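The model shown is predicted, which means the values in this text are computed figures rather than measured ones.
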Amino acid sequence: MHTTRGFILLGLVALLAMPVPGAFADETCQSPYMAKIKGHEEFVYLWTLGEEGVGDGSDKLVTVDVRPDSKTRGKVINTASVGGRHEAHHGGFTDDRRHLWLGGLDTSNIFVFDVATDPSNPKLVKTITDFVSASGGAVGPHGHYALPGRMMIAALSNNKDHGGRTALVEYNNDGEYVATHWMPIPSDAMGAENAAAADGFGYDVRVLPRKNVMLTSSFTGWTNYMMDFGQVAQDPEAMKQFGGTCVLWDLHTKKPRKVFAVPGSPLEIRFAWGEDHNYAFTIASLTSKIWLVYEDETGVWQAKAVGEVGDPAKTPLPVAFSMSADDALIFVTTFSDGVCRVYNVEDPFTPKLIHEKVIGKQLNMVSQSWDGKRVYFSSSVLSNWDKKGEDNEQFLKAYAWDGKTLELDFSVDFNAEKLGRPHLMRFGASELYN
């Protein structure tokens, strides 16, 4: 891999001085430090959970061709297995987009793929096996978020009790450990305001560089996410072990500034990128509430519930969402009913439902193209949480979006292809490396 020192120095200058409008982002919800795909994405990379007795049984990176004029458009063109089942889940590109880091929630291994040499056929070039020991006990590398010359990894658990207290872990782009930043708890507040509410849980991490803020959210620990979901749901003690906070951090110092009580396990975070849009959304999965984390007129950051996804009494379980490049829409997916709901959020305090579409019997991730014309969906949540029997649909589905409705373009049946359970999606394009 390349040397990162130059990138780090340039990145520090950018971090201190550069405004970051949406034009600096890639597909709509990625790091602002990454190059964007200006035209049509060419490939969708899917980090896929292996299933025993299905194909080779291993976790793998699956590449689907989405080039408009390709003879293999909508088809799987390559797969790259990593050997064994590690609970493939999330990952992310380095800031230069030359490498894709992918984590295993069970083994805590991180797999680094070269996507620049041949974007149609990524190659595994490094496996990081020291995440737990190097970090000082963090377990379950989840969100992988590009900073200048660095990868910030939000973990989900720890190796002491396999519970929810966890950390942010920094590596450089060469795969070398840099630092661990533990989540605040009441007995170890690290100066955070409202530390009495802190639970130490983690999930996602996102930044708004021009305001010098980083925001994290919260999920659950290894004991829960590796347990059968039916058992979790029926175990009162297990149900108490879900996060209910977001934490605002100082981006430069990596110190927690303020803890927000956000009950019900807030998962993904999406910052708006408009130059005067000082806010982010997150959605609490267990309560189906849409939350806004925003800077008020006095310069103080606040958190407020501003809407609901579906009927909370029916436990739709919102699991992912994508925000449009112009900050006007959010596409929210719910696992239980397999629905994508589209909300107008031009007024972020009053989300308005404008469209609903049933995508499948179960549903997880959603990713938009930068031009807003295409929306992609994947199906798997966790190997032990996915539905059983006929409801266990596993797919990539591509939809066209005309501003009013979602219309199916193509789908790939991962069960029929004997590939496993697709989770994370990321886009690739050859033009990034010309």
Side-chain angles (χ1 to χ4, degrees), residues 137-140 142-143 145 152 154-158 160-169 180-208 211-225 232 236-251 253-271 278-309 312 317-318 348-349:
V139 164
H142 183 255
Y145 193 76
M152 181 67 81
L156 295 187
S157 192
N158 66 79
K160 292 183 179 179
D161 60 12
H162 277 180
R165 204 217 172 167
T166 192
L168 298 171
V169 183
T180 301
H181 313 284
W182 288 95
M183 296 289 178
I185 55 176
S187 61
D188 187 15
M190 293 173 280
E193 182 182 344
N194 195 33
D199 53 27
F201 286 46
Y203 184 80
D204 201 6
V205 56
R206 290 292 189 272
V207 306
L208 187 58
K211 301 301 294 187
N212 185 34
V213 297
M214 181 168 67
L215 190 65
T216 57
S217 56
S218 55
F219 181 42
T220 194
W222 185 95
T223 300
N224 269 6
Y225 67 68
V232 175
E237 290 304 311
M239 290 302 295
K240 293 177 183 177
Q241 299 304 312
F242 282 88
T245 58
C246 287
V247 179
L248 188 77
W249 302 68
D250 183 299
L251 175 58
T253 66
K254 310 300 187 297
K255 300 295 185 183
R257 288 171 46 184
K258 189 174 183 178
V259 178
F260 302 110
V262 183
S265 196
L267 298 180
E268 293 188 336
I269 297 166
R270 302 291 180 247
F271 268 108
N278 301 330
Y279 58 84
F281 287 101
T282 189
I283 301 177
S285 184
L286 300 181
T287 63
S288 297
K289 290 189 179 297
I290 302 171
W291 283 79
L292 186 70
V293 180
Y294 64 99
E295 186 183 47
D296 68 19
E297 62 278 4
T298 68
V300 177
W301 285 85
Q302 311 282 5
K304 180 179 181 180
V306 294
E308 292 180 339
V309 179
L317 290 179
F349 289 90

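Using a 4.5 Å heavy-atom threshold, the side chains of L292 and Q302 count as separate. Between F271 and Y279, the closest side-chain pair of non-hydrogen atoms is not below 4.5 Å. The shortest side-chain heavy-atom distance between V259 and P184 falls under the 4.5 Å cut-off. A heavy-atom distance below 4.5 Å is found between the side chains of H181 and M152. Using a 4.5 Å heavy-atom threshold, the side chains of I283 and V309 count as touching. L251 is listed as a side-chain neighbour of N212, based on a closest heavy-atom distance under 4.5 Å.
The distance from atom CD1 of I269 to atom CG of L208, rounded to the nearest 0.5 Å, is 12.0 Å. D296 contributes atom CG, which lies 10.5 Å from atom CG of N278 (distance to the nearest 0.5 angstrom). To the nearest 0.5 Å, atom CZ of residue R206 and atom CZ of residue F281 are 15.0 Å apart. Atom CG of L156 sits about 13.0 Å away from atom CH2 of W222, to the nearest 0.5 Å. Note: D250 CG to M214 CE = 8.5 Å, rounded to the nearest 0.5 Å.
Looking only at distances, no side-chain donor or acceptor of T180 sits under 3.5 Å from a matching main-chain atom of V169. Listed for the D204 side chain is no donor-acceptor partner under 3.5 Å among the backbone atoms of S217. Panel note: side chain K258, backbone W301; a donor-acceptor pair is recorded below 3.5 Å. Of the possible donor and acceptor atoms, none in the side chain of N158 sits under 3.5 Å from a partner among the backbone N and O of A138. For T282 (side chain) and E268 (main-chain N/O), a donor-acceptor pair under 3.5 Å exists by modelled atom type. A donor-acceptor distance shorter than 3.5 angstrom exists from the side chain of S157 to the backbone of G163, with no hydrogens or angles considered. Judged by distance alone, the side chain of S285 and the main-chain N or O of P318 form a donor-acceptor pair under 3.5 Å. A donor-acceptor contact shorter than 3.5 Å links the side chain of N224 to the backbone of A238. Using modelled atom types, no side-chain atom of S218 and backbone atom of F201 make a donor-acceptor pair closer than 3.5 Å.
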Original post:
So W291 and V306, side chain to side chain contact (heavy atoms under 4.5 Å, CB included) or not? Walk me through it.
Top reply: CA-CA 6 Å; W291 283 79; V306 294; over 6 Å; no
**OP:** For L215 and V293, run side chain to side chain contact (heavy atoms under 4.5 Å, CB included): C-alpha distance rounded to whole Å, both residues' side-chain angles, the deciding distance at 0.1 Å, then the answer.
**Re:** CA-CA 9 Å; L215 190 65; V293 180; 4.1 Å; yes
**OP:** Starting from the C-alpha separation in whole Å, work towards a yes-or-no answer on side chain to side chain contact (heavy atoms under 4.5 Å, CB included) for W249 and M183.
**Re:** CA-CA 10 Å; W249 302 68; M183 296 289 178; 3.5 Å; yes
**OP:** Could you check L168 against V205 for side chain to side chain contact (heavy atoms under 4.5 Å, CB included), going step by step and ending with a plain yes or no?
**Re:** CA-CA 8 Å; L168 298 171; V205 56; 4.2 Å; yes
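Taking the six-membered ring for Trp and the full ring otherwise, Y203 and F219 have centroids separated by under 6.0 Å.
Contact between A198 and P186 at its shortest, heavy atoms only, is O-CD, 3.2 Å.
With respect to the salt-bridge test (charged N to carboxylate O, under 4.0 angstrom), the residues K211 and E295 qualify.
Remark: T223 engages no residue in a side chain to side chain donor-acceptor pair (under 3.5 Å) (not counting sequence neighbours).
For the residue pair D199/T245, the side-chain donor-acceptor check at 3.5 Å is satisfied.
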